[in-house]
A.B. asks: 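Dropping the structure in here first, questions after.
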Amino acid sequence: MFSVDKRTIAEFMKNYISDLTVEEIKDLIEIPPSDMVYSYALPTFHLAKIEKKAPALIAQDLSKEVELPEFLNNIEAVGPYLNFKVKDFMILENIYKSKDQYGIIREILNKKKEEKLRIVVEYPAPNTNKPLHLGHIRNMLIGSSISNIFKYKKHHVFEVNLYNDRGIHICKSMLAYKLLGDNKNPDKKPDHFVGEYYVKFSELKDQDEEIIDDAQEMLKKWEEKDSEVRKLWKKLRNWAIKGFEETYKELGITFDKIYYESEYYWKGKQLIIEGLKKELFNKEEDGAIIAPLEEKFNLPNKVLLRSDGTSLYITQDIYLAFLKKNDFNYDKSIYVVGNEQKLYFKQLFAVLDMLGFEEDKYHFSYGMIYLPEGKMKSREGNVVDADDLIEEVKRLAYDEVDNRYDNLSEKEKDKRARIIGMAALKFFILKMSPKTEFVFYPKESISFEGETGPYVQYVYARIESIIRKSERKITLTINQGIFQDNTELKLIKQLNYFPEIIDTVAKNYDIHLIPQYLLTLCQVFNSFYSSCPVIQEDKELEDARLLLIRCVQIVIKQGLKLLGIETLEEM
RNA sequence: GGACUCGUAGCCUAGCCUGGAUAGGGCGUCGGACUUCUAAUCCGAAAGUCGCAGGUUCAAUUCCUGCCGGGUCCGCCA
């Protein structure tokens, strides 16, 4: 096997270009427009400047000068570009032999040495007083996908969750339950049950502002470990978590470790006080401890400890950073949190740096999801509930399946509905750049046509169907020069980019490149599908096309797997 | 007030970090394609001052400055 990427082309061209380094050439190489079958292109504008020759002439001269290497089909000058076409068969051979490992083929072939890192990924860190919503879904999909990608790259990944399970917001649900709950057990999904009392608290507060004092009183008792309050707290918290776990299961996510804020929130205090002793921080007249970030970091100062000496959110987060390092001895720690907390994380990381905790920390921030009526706010109840949404996409998918294949068993219909519905939901969110903010229109957003998860799954199923119907066995012994059709060549071209896409995603956290890549691949496939019959008289061509479509299938399956999306052999 | 961020056809979105081939897709609209491997598909068409104005460059959607418009955040919430 031999895998060709930008670097391979650059190393080859270095033989003919003395004015630039391999690295410089590599950075110049681009991917030609999609209607061309060339895999890579070298624009000659830079060389033109150095050599004081017309770009088109340089491309011409180079094309005459170069000796075609084994891994290329041809090299051609087109205007100011020198275009390269990677040998078709080599690409298919790479995929067919390396199977699901194709995305990391360069590592396997040892062309690329990568350090194996220990990486901690923290998400979604919900509050334990209300159910998960659409924002959490985006968070979880991003968190688990980036974890999948790092795992695929053979890093040692630890997915950790953190429960914000203490504080005034928790006591609000507790108080409402105490007053109105009649000591009932949940009669629905337990996190929804708990969430109802959070909403009920708001209603109580509308009637009587002073109820907030009772919640404060309850918080005080909680901190004093009052056994009654703790008992109530434990009951509600466990219900909430039990409910969350059902949702995690639906989404297919699991965690290696769970942190509970309640178990360590006070421990950060010690670190702050030590910092104060080292004169890293300042004590205000009223007793609050402040991190001076303005001069050194050009950030607003941050309060680390309240004037009454109690912890703030950042107090415990500072401790947690040390705790995670201690637990996992990580090389890199990733926090998947929305972009509204960008400043907060800059401040947190700055404070940690001041404390000498100079680990590799990264805030993986993503854009907020808005509703047509504005920002989602749990308190006001204008949220898209995660479980409702999951149910809805499954229901919509069920109807699609039911309309097409009425005679399937209920069990099979449900299975397909689950896999297709979840694909639609996950793909819809992951195909957009994590940075993009978007408005979610509940009725229109989930579709099964166009740029969707089911569109990609459909290609997979179509291929499976062809392979099932063909009498031939898939083999690597094909006529290597047989691919002539434009759609065949474009399909093979596209297949070659998968490993480079994976690299870019791991480097830049651009998860959406995977869905975008798969869409392009599937669009080219569907084009191929309508113009090139696979099963046919010419068995030599059939064999070659069978191999080609199997390779497409391998890449689709692995690409979707990284996104937590399953494939179906029939749909 | 300050910091950050976004503005690409009627709607949604990719490309911007690292400037280069006629700015890719999708939805919707209009017109075609199921006696042939699954039409959740494909083919074609109409639709764009890449917010506006400057600047840098052989070359700007991409980099820089200013402006206009939206959003998020800004010491004792989480």
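Reckoned from all heavy atoms, side chains included, excluding hydrogens, waters and symmetry mates. Here is how names work: the chains are called A, B, and so on, in the same order as the sequence lines, proteins then strands, and each is numbered from 1.
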A.B. asks: For the residue pair A/Y163 and A/Y260, does the interplanar ring angle fall in the parallel (under 30°), tilted (30 to 60°) or perpendicular (over 60°) class?
C.D. replies: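 A/Y163 vs A/Y260 ring planes: tilted.
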A.B. asks: Show me the donor-acceptor pairs within less than 3.5 Å that the side chains of residues 304-313 of chain A make with the rest of the protein, sequence neighbours left out.
C.D. replies:
| unit_1 | atom_1 | unit_2 | atom_2 | d |
| --- | --- | --- | --- | --- |
| A/R306 | NH1 | A/T310 | OG1 | 3.0 |
| A/R306 | NH1 | A/S311 | O | 3.0 |
| A/D308 | OD1 | A/T310 | N | 3.0 |
| A/D308 | OD1 | A/T310 | OG1 | 2.6 |
| A/S311 | OG | A/Y265 | O | 3.1 |

A.B. asks: Can A/N526 and A/Y455 be counted as having a side-chain donor-acceptor contact under 3.5 angstrom?
C.D. replies: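 Yes.
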A.B. asks: Where does B/rC34 fall, syn or anti, if syn means a chi angle no more than 90° from 0?
C.D. replies: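 What B/rC34 shows is a syn base, its glycosidic angle lying within 90° of 0.
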A.B. asks: Please name all residues satisfying side-chain contact (heavy atoms from CB on, under 4.5 Å) with A/P300, sequence neighbours left out, ordered by chain then number.
C.D. replies: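 Checked A/P300 against side-chain contact (heavy atoms from CB on, under 4.5 Å); matches are A/L343, A/Q347.
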A.B. asks: Does the base of B/rU72 carry an N or O that pairs as donor and acceptor with the side chain of A/Y370 under 3.5 Å?
C.D. replies: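 Absent.
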A.B. asks: Taking 4.0 angstrom as the limit, do A/E23 and A/K26 come out as a salt bridge?
C.D. replies: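 Yes, this pair counts.
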A.B. asks: For A/I168, what residues pass the side-chain contact (heavy atoms from CB on, under 4.5 Å) criterion, not counting sequence neighbours?
C.D. replies: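 A/I168 satisfies side-chain contact (heavy atoms from CB on, under 4.5 Å) with A/K172, A/A215, A/Q216, A/L219 once adjacent residues are dropped.
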A.B. asks: Shorter than 3.5 Å, N or O on both sides, protein versus nucleotides 4-11 of chain B: list them out with atom names.
C.D. replies:
none

A.B. asks: Base, sugar-phosphate or nothing for A/Y455? Non-hydrogen atoms, less than 4.0 Å.
C.D. replies: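 Result for A/Y455 = sugar-phosphate.
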A.B. asks: Does NZ in A/K205 sit with more than 12 non-hydrogen atoms of other residues, nucleotides or ligands closer than 6.0 Å?
C.D. replies: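 Open: at most 12 neighbouring heavy atoms sit under 6.0 Å from NZ of A/K205.
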A.B. asks: Could you check whether atom NZ of A/K283 has more than 12 heavy atoms from other residues, nucleotides or ligands sitting under 6.0 Å from it?
C.D. replies: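 At most 12 heavy atoms, drawn from other residues, nucleotides or ligands, come within 6.0 Å of this atom.
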A.B. asks: Any N/O pairs under 3.5 Å between the protein and nucleotides 55-60 of chain B? List them or say none.
C.D. replies:
none

A.B. asks: Give the table of side-chain donor-acceptor pairs shorter than 3.5 Å for residues 366-374 of chain A, with sequence neighbours excluded, one pair per line with atom names and distance.
C.D. replies:
| unit_1 | atom_1 | unit_2 | atom_2 | d |
| --- | --- | --- | --- | --- |
| A/Y366 | OH | A/N139 | ND2 | 3.1 |

A.B. asks: With nearest nucleotide decided by heavy atoms, which residue, A/E570 or A/H512, maps closer to the 5′ end of RNA chain B?
C.D. replies: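 Looking at RNA chain B, the more 5' nearest nucleotide goes with A/H512.
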A.B. asks: With respect to the phosphate group of B/rC43, does any side-chain polar atom (N or O) of A/S527 fall under 4.0 Å of OP1 or OP2?
C.D. replies: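 So the side-chain polar atoms of A/S527 do come within 4.0 Å of the phosphate oxygens OP1 or OP2 of B/rC43, strictly under.
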A.B. asks: What parts of residues 529-536 of chain A reach RNA chain B, counting only heavy atoms under 4.0 Å away?
C.D. replies: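 Residues of residues 529-536 of chain A under 4.0 Å from RNA chain B: A/Y529, A/S530, A/C532, A/P533, A/V534, A/I535.
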A.B. asks: Evaluate the criterion side chain to side chain contact (heavy atoms under 4.5 Å, CB included) for residue pair A/I502 and A/Y517; output intermediate values, then yes/no.
C.D. replies: CA-CA 10 Å; A/I502 300 296; A/Y517 167 82; over 6 Å; no
A.B. asks: Taking only residues at least two apart or on different chains, which pairs with a member in residues 426-449 of chain A satisfy side-chain hydrogen bond (donor to acceptor under 3.5 Å, both in side chains)?
C.D. replies: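 Every side-chain hydrogen bond (donor to acceptor under 3.5 Å, both in side chains) pair that includes a residue of residues 426-449 of chain A, provided the two are not neighbours, is A/N339-A/E437.
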A.B. asks: Closest to the A/K375 side chain: B/rA78, B/rU72, B/rU38?
C.D. replies: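 Looking only at heavy atoms from C-beta outward on A/K375, the closest nucleotide is B/rU72.
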A.B. asks: Within the modelled atom types, does a donor on one side and an acceptor on the other bring the side chain of A/D317 and the base of B/rA78 under 3.5 Å apart?
C.D. replies: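 A donor-acceptor contact between them is absent.
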A.B. asks: Taking Watson-Crick (N1-N3 plus N6-O4 or O6-N4) and G-U wobble (N1-O2, O6-N3), each under 3.5 Å, can you produce the dot-bracket string of RNA chain B? Use [ ] for crossing pairs and | for inter-strand ones.
C.D. replies: (((((((..((((......[...)))).(((((.......))))).....(((((..]....))))))))))))....
A.B. asks: Map A/A397 and A/T504 onto RNA chain B by nearest heavy atom, then report which one ends up closer to the 5' terminus.
C.D. replies: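 Result: A/T504.
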A.B. asks: May I ask you to say what A/F345 touches in the nucleic acid, namely base, sugar-phosphate or nothing, with a heavy-atom cut-off under 4.0 Å?
C.D. replies: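 A/F345: no heavy atom of the nucleic acid under 4.0 Å.
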A.B. asks: Would you give a per-nucleotide map of nucleotides 22-33 of chain B, 5' to 3', where B means the base has a protein non-hydrogen atom under 4.0 Å away, S means only the sugar-phosphate does, and - means neither?
C.D. replies: B--BSS------
A.B. asks: Apply salt bridge (charged side-chain N to carboxylate O under 4.0 Å, His left out) to A/R462 and list each qualifying residue two or more places apart in sequence or on a separate chain.
C.D. replies: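 With neighbours one apart ignored, the set is empty.
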A.B. asks: Which residues pass the side-chain contact (heavy atoms from CB on, under 4.5 Å) test with A/S34, not counting sequence neighbours?
C.D. replies: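 With neighbours one apart ignored, the set is empty.
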